[in-house]
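I have placed the structure first, in the form of structure tokens, so that the comments after it can refer back to it.
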Protein chains: 2
Amino acid sequence: MHDHAATHDHGCGGAQAAIARAERLCRERDLQFTRLRRDVLTAVAGQTRPMGAYDIAEALSEPGRRVAAVSVYRALDFLTEHGLVHRIASRNAFVSCGHSHTDGAGLVFLICRNCGTIDETTAPEVEDQLGRTLAKAGFRPISRILEVEGECGACLGQAGAEG
Amino acid sequence: MHDHAATHDHGCGGAQAAIARAERLCRERDLQFTRLRRDVLTAVAGQTRPMGAYDIAEALSEPGRRVAAVSVYRALDFLTEHGLVHRIASRNAFVSCGHSHTDGAGLVFLICRNCGTIDETTAPEVEDQLGRTLAKAGFRPISRILEVEGECGACLGQAGAEG
DNA sequence: TTGGCGGTGATACACTGTAACACTCGGGCA
DNA sequence: TGCCCGAGTGTTACAGTGTATCACCGCCAA
């Protein structure tokens with residue numbers, strides 16, 4: 001697959017790492033990492049593409065266990081609140097947090113229009129510039145979203161190799 | 001009301017300017033600036049706060065003329081496509097474009113958590129930094145959204161004066 | 001006149017998200 | 001042990017957002 005995993009890996013391996021991080025964080029903050037929350041995180045972390053709440057609900061439902069979307073939303077609220085999952089506003093969907101920052105500040109999401117993969121990175125310089133711009137405008141920021149849509153390196157490489 | 005109109009004014013006066021700009025643009029590009037599109041733009045431009053599609057539909061409906069949301073969506077598609085209106089992803093709502101750039105690139109939206117006003121600005125330095133960061137990540141951007149939530153200068157000023 | 005085309009009206013439907021209430025489970029306490 | 005309480009969950013209902021589809025209308029060109 002794509003092997004630019006130096007930054008961070010989502011994917012099946014990433015799911016276990018995400019779970020481990022979540023367990024640690026919940027232990028530290030005395031939060032309940034319940035089965036539902038773990039399952040939702042597992043489902044989301046097992047994908048590099050964002051999942052809708054109803055996708056997650058469906059993925060978690062089995063014969064004998066029906067997970068309603070509203071339950072998924074509550075779990076997602078919990079997970080996003082603690083920085084374990086991020087909401088992609090431009091897609092109304094969710095991705096697992098691939099880093100360990102957990103504060104949710106200064107993130108940039110790179111959404112590939114071709115393969116749908118979402119990559120997550122930080123950009124301190126961009127952050128600095130933005131902070132200056134906002135200060136000049138007299139605006140006090142509390143939170144922000146920065147989502148870039150385009151073509152990821154993997155897809156560009158493939159297109160170059162093939163074409 | 002608020003008198004920080006030095007940057008650009010939405011509001012009732014802004015609506016007329018927005019219409020004028022739209023008429024010019026449609027003439028130049030040989031597009032149809034129909035009544036529905038004009039009405040939708042007028043409704044959106046008359047507000048500094050974002051309007052949902054259903055809000056617009058309701059605002060445009062009168063006894064004897066019912067405007068369905070689906071019609072509003074089509075008009076909004078047209079208007080956003082040509083940069084006359086912007087979609088605020090974090091709110092699922094729309095605001096009139098307060099500038100004349102019309103290409104929709106490099107915009108930053110400042111959303112006041114207190115008064116709900118949305119201000120729109122450009123930040124070339126942020127853009128430059130972001131471009132460099134993306135290039136380093138091997139990502140080719142096509143479009144992006146940058147929305148900051150916080151407290152606007154007007155509200156900060158009032159709070160300071162009152163408190 | 002006819003036919004095509006863009007815009008609009010209208011209905012239906014899928015997707016996204018929230019409100020409200022009941023239930024369970026676990027822990028603290030009399 | 002029995003009771004209370006709070007957090008989490010299940011369930012239903014519903015509000016809000018957005019799209020698909022078809023019919024109709026007006027305009028222009030052949």
Side-chain angles (χ1 to χ4, degrees), chain A residues 22-23 25-27 29-44 49-82 84-95 116 145 147, chain B residues 22-23 25-27 29-44 49-82 84-95 116 145 147:
Chain A
E23 284 175 342
L25 182 142
C26 288
R27 216 164 26 238
R29 301 189 191 178
D30 202 30
L31 301 171
Q32 296 186 45
F33 193 51
T34 64
R35 177 185 171 194
L36 180 65
R37 291 170 180 178
R38 181 171 44 73
D39 288 354
V40 169
L41 180 56
T42 304
V44 172
R49 303 197 296 177
M51 291 184 83
Y54 282 66
D55 297 336
I56 299 171
E58 193 178 349
L60 260 46
S61 293
E62 308 162 332
R65 185 199 184 199
R66 176 173 166 269
V67 178
V70 62
S71 300
V72 173
Y73 274 110
R74 283 190 288 233
L76 287 171
D77 283 346
F78 172 87
L79 294 170
T80 52
E81 190 177 342
H82 295 97
L84 297 165
V85 155
H86 299 300
R87 176 186 167 74
I88 305 299
S90 61
R91 300 289 179 102
N92 292 326
F94 301 83
V95 292
I145 61 177
E147 300 172 9
Chain B
E23 284 176 342
L25 183 142
C26 289
R27 215 163 28 236
R29 301 190 191 177
D30 202 29
L31 302 169
Q32 296 187 43
F33 192 52
T34 64
R35 177 186 172 192
L36 180 66
R37 292 170 180 177
R38 181 171 45 74
D39 288 352
V40 169
L41 179 56
T42 303
V44 172
R49 304 197 296 179
M51 292 184 83
Y54 282 67
D55 297 336
I56 300 171
E58 194 178 350
L60 261 44
S61 292
E62 308 162 333
R65 186 199 185 198
R66 178 174 164 267
V67 178
V70 61
S71 299
V72 173
Y73 275 110
R74 284 189 287 233
L76 287 171
D77 284 345
F78 173 87
L79 294 170
T80 53
E81 190 178 341
H82 295 96
L84 297 164
V85 155
H86 300 300
R87 176 187 167 75
I88 306 299
S90 61
R91 300 289 178 102
N92 292 327
F94 301 81
V95 292
I145 62 177
E147 300 172 10

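All chains are named by letter (A, B, ...) in the order of the sequence lines, taking the proteins before the strands, and each is independently numbered beginning at 1.
- The neighbour count for Arg87(A) CZ, taken as heavy atoms of other residues, nucleotides or ligands under 6.0 Å away, is above 12.
- As rounded to whole Å, 14 Å separates atom C1' of dA19(C) from atom OH of Tyr73(A).
- Residue Ile88(A) contributes atom CD1, which lies 12 Å from atom P of dG17(C) at whole-angstrom precision.
- Taking CG from Leu76(A) and NE2 from His86(A), the interatomic distance works out to 12.5 Å, rounded to the nearest 0.5 Å.
- Glu147(B) contributes no side-chain N or O that, together with a main-chain N or O of Ile88(B), makes up a donor-acceptor pair within less than 3.5 Å.
- Taking atom CZ on Arg37(A) and atom P on dA7(D), their separation rounds to 11 Å, with Å as the unit.
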Is there a side chain to side chain contact (heavy atoms under 4.5 Å, CB included) between Phe33(A) and Leu41(A) once you walk through the steps?
CA-CA 10 Å; Phe33(A) 193 51; Leu41(A) 180 56; 4.0 Å; yes
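- Contact annotation: Ser71(A) side-chain N/O to dG10(D) OP1/OP2 distance is under 4.0 Å.
- Checking Arg87(A) against Arg74(B), the closest nucleotide of DNA chain C that is more toward the 5' end is the one next to Arg74(B).
- Atom-to-atom, CZ of Arg91(B) to P of dT17(D) comes out at 12 Å; the value is rounded to the nearest Å.
- For Phe33(A) and dG8(D), the CZ to C1' distance is 14 Å, given to the nearest whole Å.
- Mapping Val70(A) and Gly52(A) onto DNA chain C by nearest heavy atom places Gly52(A) at the nucleotide closer to the 5' end.
- The structure places CZ of Arg37(B) at 8.0 Å from CG of Leu31(B), a figure rounded to the nearest 0.5 Å.
- Between the CG atom of Leu79(A) and the P atom of dT9(D) there is a distance of 10 Å, given to the nearest Å.
- When the P atom of dG6(C) is taken as reference, atom CG of Leu31(B) falls 13 Å away, rounded to whole Å.
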Evaluate salt bridge (charged side-chain N to carboxylate O under 4.0 Å, His left out) for Asp55(B) paired with Arg49(B), printing each intermediate quantity in order.
CA-CA 12 Å; Asp55(B) 297 336; Arg49(B) 304 197 296 179; over 6 Å; no
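- With DNA chain D read from its 5' end, the first of the two nearest nucleotides for Tyr54(A) and Arg65(A) is the one closest to Arg65(A).
- For the pair Phe78(A) CZ and dA7(D) P, the computed distance is 13 Å after rounding to whole Å.
- An angle of 0°, rounded to 10°, separates the two end axes of the helix from dT1(C)-dA30(D) to dA30(C)-dT1(D), each defined over five pairs.
- Contact between the side-chain N/O atoms of Asn92(A) and the OP1/OP2 oxygens of dG17(C) is found at a separation under 4.0 Å.
- Between the side chain of Thr80(A) and the backbone N or O of Val85(A), no donor-acceptor pair lies under 3.5 Å.
- In terms of phosphate contacts, Thr34(A) brings a side-chain nitrogen or oxygen within less than 4.0 Å of OP1 or OP2 of dT9(D).
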